[in-house]
Protein chains: 2
Amino acid sequence: MGAQQRRSGLGTNQEAVRRHNLGTLLRHVHGTGQMSRAELTSLMGLNRSTIAGLVAELESLGISERATPAGGARQGAGRPSAGVAIAADGPCVIAVDLGVDRAVVARVGLGGRVLQRAQAPVPVGGEAWQVGASVAALIREVVEDAPAASPLVGIGISVPGMVRRSDGLIRLAPNLEWHDVSFGGIVLAALGLDVPVSLANDADLGALAEHTRGVGVGVDDLIYVSGQVGVGAGVIMGGHRLEGAGGYAGEVGHLRFDPGGRPCHCGNRGCWETEVGAHAIAEAIHCPPDKVAQLDEVLDGFDSPSPELCRTGTAIGHGLASIVNMFNPRLVVLGGYFRSLHQLVGPDIQAGLSDRALPAPLESVRLTLPGLGSDSALLGAAEIALEPLFVDPVAALGAALVDVRARLAG
Amino acid sequence: MGAQQRRSGLGTNQEAVRRHNLGTLLRHVHGTGQMSRAELTSLMGLNRSTIAGLVAELESLGISERATPAGGARQGAGRPSAGVAIAADGPCVIAVDLGVDRAVVARVGLGGRVLQRAQAPVPVGGEAWQVGASVAALIREVVEDAPAASPLVGIGISVPGMVRRSDGLIRLAPNLEWHDVSFGGIVLAALGLDVPVSLANDADLGALAEHTRGVGVGVDDLIYVSGQVGVGAGVIMGGHRLEGAGGYAGEVGHLRFDPGGRPCHCGNRGCWETEVGAHAIAEAIHCPPDKVAQLDEVLDGFDSPSPELCRTGTAIGHGLASIVNMFNPRLVVLGGYFRSLHQLVGPDIQAGLSDRALPAPLESVRLTLPGLGSDSALLGAAEIALEPLFVDPVAALGAALVDVRARLAG
DNA sequence: AAGAATTTGTTGTGCGGGTGGACAGAACGA
DNA sequence: TCGTTCTGTCCACCCGCACAACAAATTCTT
């Protein structure tokens, strides 16, 4: 019975049961990287023997391996429970975090372990195929030392823009100046491979990663607000990603903020982004326009907030109030350059929020920094690429690519 | 494998499979009121024999009964499929739509059939126990002719205010002037019964009802924007209700709209509600303040829009643009007095929306009137009360109350 | 009008998968 | 050292769905 997926009105046959249980078990192990069989039985509410059978299948698939029980976790008498750990040569994915000025690529295994990483600057105003080639080069670099036994399940790409859910088309990435780019196809073509590629918005993936292994573990209603150059948000409600009809949910940057405000590139006036976006902040702190993409580093150079920045903090808080009223999250995670801003004007942000949010949603919400630092989007990209494994481990592994290094070399 | 519920990381055993399949089958029949076994097999992807077994169980529970196949639906050769219809004496619920000036109570069966209904005015500024007594009287009226065999599964109550998800406490109902009222308990006490009671916000229930049997059938991402006295929204995303951490999600009335605008009762300035709320509109059309609760009727009396109303329509559209940007719904349903307004200034609303929303979310969204008229919230209340039947029909029926009429009389 | 074709209901059998009990193994505590 | 406690393994068992064969009820074809 299900959990993760949202099937419409399908019935369940027993083969689906097996799939689901195997996937759920793997998801649990993935969440912590290592887990005892005893914990799994109580978490999943299944019989010891059933868990044993599932674990055996996972081992025979080469996904997990038997581990000695964690030494410190002993808590009483009884036979110690054998550990279930992610196999060293287990399946892995390629995660790509496409930023406005640099791309980070990593090979990531189950459990969210970054096995290898590489990065390179992205030329300003680069064509999609150029960026695709550069990303493909990074991918080659990153799979160089991959063990031949480790199958590649897929590629996940984080994009600073709006991505269509149905096919992963990049509809609009304003800061890359891309319209309707099929970046997944471009990367695959540059690699000469055919593996599943998933693309999603960076804020959405930040939310996903923070929910899975960051500050949002166990928090089923959270929002990740990301300041890159524009402002976006990733929303998780009831433990599920909020995607919307086309996949564009979370465009908080164009919330109406001040109808008399400055014109926004979207054509309106006084969007939230015109007050708290990177360009606005850069202007407020007299930062040169060519440094806007590195706004977080510039902000980290400040040791005390200027009055302008305090006003910006308040504006952030006021905008967050609208968001909190709309979504009633338990957690708001401030990513991107909002991380740096929070260090400087955290109290102003909080005060702006407290001042404008309704009492009921306000009482349960908490403002925090990302638990994964600047890797949120990257690890979120890994998560969507790994997702098929949790839906159906056998099928996902069947579709995976073995010995990627050789294939890329040849 | 699951669908409706969102269990955390539980495993599935076969008894859960049976529960789920039985519940899902019932949900399908509930959706249309009548359905052929052949349709059920293809919809649920299960074997003919399995469906036959499930249907037999449903019949033995007294929930469904065999029906002659619908005459017109024949489409080709082959033996006609026997129908599965909701039993006449099947389980039912009490639905309560608590408005700011009147309460509507109905006995509703599966399939959304309103079997009996009654309504009464609610005194302005009435205490919760007074309103509770009046609702209890309506409930007695409505179960008067209920067949003894028909078990009462529960009571669902639609509330014009913020309802805490965990326990159904009414945190704040501004137009009833209630704070922290346990209205469910009050009604049960007045009835001297003990049945499951569910409470939820009226806009949330409007969204639910429109999704189940209104204009939103088959649309998994929709928003029901309701103008009662304040403005609220119910959100369904990915086929699931958006509730938020406390259950307060969808408070769109207090979106920041114009920071230089009029003061709002929430303490801020220029909330959307101060522009498009009932009080603002009443003022714009010079409607006497004591008629605000019947604003829809007043508006229905207009046959052409005044310039003030056109401006209001534009403001509604502008606010909807923020909502559409945030949620990316496929459908926006205009409920409450927005229904009447849409008749008058529909083009202005649409123009305001088109003018301010981002292209990507705009291209897939559609603005409509409710398919259930003013009964959306009432039928939504019935839906949440019926919900346990779809999760576990056997258990829900076991907990249901038989021969309610006799119990209420005694 | 009668037989063929088609689709569905019914029945019995088989299989997959989770359950539960019995037993053995491994640590802890007295 | 021995009892306690908890876990892993193996077994028979039950439950629920799938599948195949047959019967029933229509429509289509000739």
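Model, not experiment: these values are computed from the prediction. Here is the naming used below: chain letters follow the sequence lines, and residue numbers restart at 1 for every chain.
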Protein heavy-atom contacts under 4.0 Å, written 5' to 3' over nucleotides 16-22 of chain C as B (base), S (sugar-phosphate only) or - (none), form the string -BSBB-B

Qualifying residues under salt bridge (charged side-chain N to carboxylate O under 4.0 Å, His left out), relative to D220(A), sequence neighbours excluded: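 Testing D220(A) for salt bridge (charged side-chain N to carboxylate O under 4.0 Å, His left out), a comparison that skips the adjacent residues, returns none.
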
* Asked: Hey, are E243(A) and R164(A) close enough for a salt bridge, meaning a charged N less than 4.0 Å from a carboxylate O?
  ->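 Here E243(A) does not pair with R164(A) in a salt bridge, since their nearest N and O are not under 4.0 Å apart.
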
Q. Who pairs with R37(A) by side-chain hydrogen bond (donor to acceptor under 3.5 Å, both in side chains), at least two apart in sequence or on another chain?
A.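 R37(A): no side-chain hydrogen bond (donor to acceptor under 3.5 Å, both in side chains) contacts found.
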
(Q) Could you work out, with side-chain hydrogen bond (donor to acceptor under 3.5 Å, both in side chains) as the rule, every residue matching R18(B), not counting sequence neighbours? (A)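 So R18(B) forms a side-chain hydrogen bond (donor to acceptor under 3.5 Å, both in side chains) with E57(B).
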
Partners meeting ring pair (Phe, Tyr, Trp, His ring centres under 6.0 Å) with H211(A) (sequence neighbours left out):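 For H211(A), no residue satisfies ring pair (Phe, Tyr, Trp, His ring centres under 6.0 Å) once neighbours in sequence are set aside.
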
Margin query: Counting only side-chain nitrogens and oxygens, does R37(B) get under 4.0 Å of the OP1 or OP2 atom of dG9(C)?
Written below: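 Checking dG9(C) against R37(B), a side-chain N or O does come within under 4.0 Å of OP1 or OP2.
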
Practice problem: Write down the distance between CZ (R19(B)) and C1' (dC15(D)), rounded to a whole number of angstrom. | Solution: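 Whole-Å distance recorded here is 14 Å.
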
Integer-rounded Å distance: dT8(C) P and L43(B) CG: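 Checked: the CG to P distance equals 13 Å.
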
Q.
Mind checking if A52(B) touches a base, just sugar-phosphate, or nothing, with heavy atoms under 4.0 Å?
A.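 No contact at all - A52(B) keeps every heavy atom at 4.0 Å or more from the nucleic acid.
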
Of all residues at least two apart in sequence or in a different chain, which pass the side chain to side chain contact (heavy atoms under 4.5 Å, CB included) check with A148(B)?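 With sequence neighbours excluded, A148(B) shows a side chain to side chain contact (heavy atoms under 4.5 Å, CB included) to D403(B), given in chain and number order.
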
Checklist entry - How do R66(B) and R79(B) order along DNA chain C: which one's closest nucleotide is nearer the 5' end? => result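 It is R79(B), whose closest nucleotide lies nearer the 5' terminus.
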
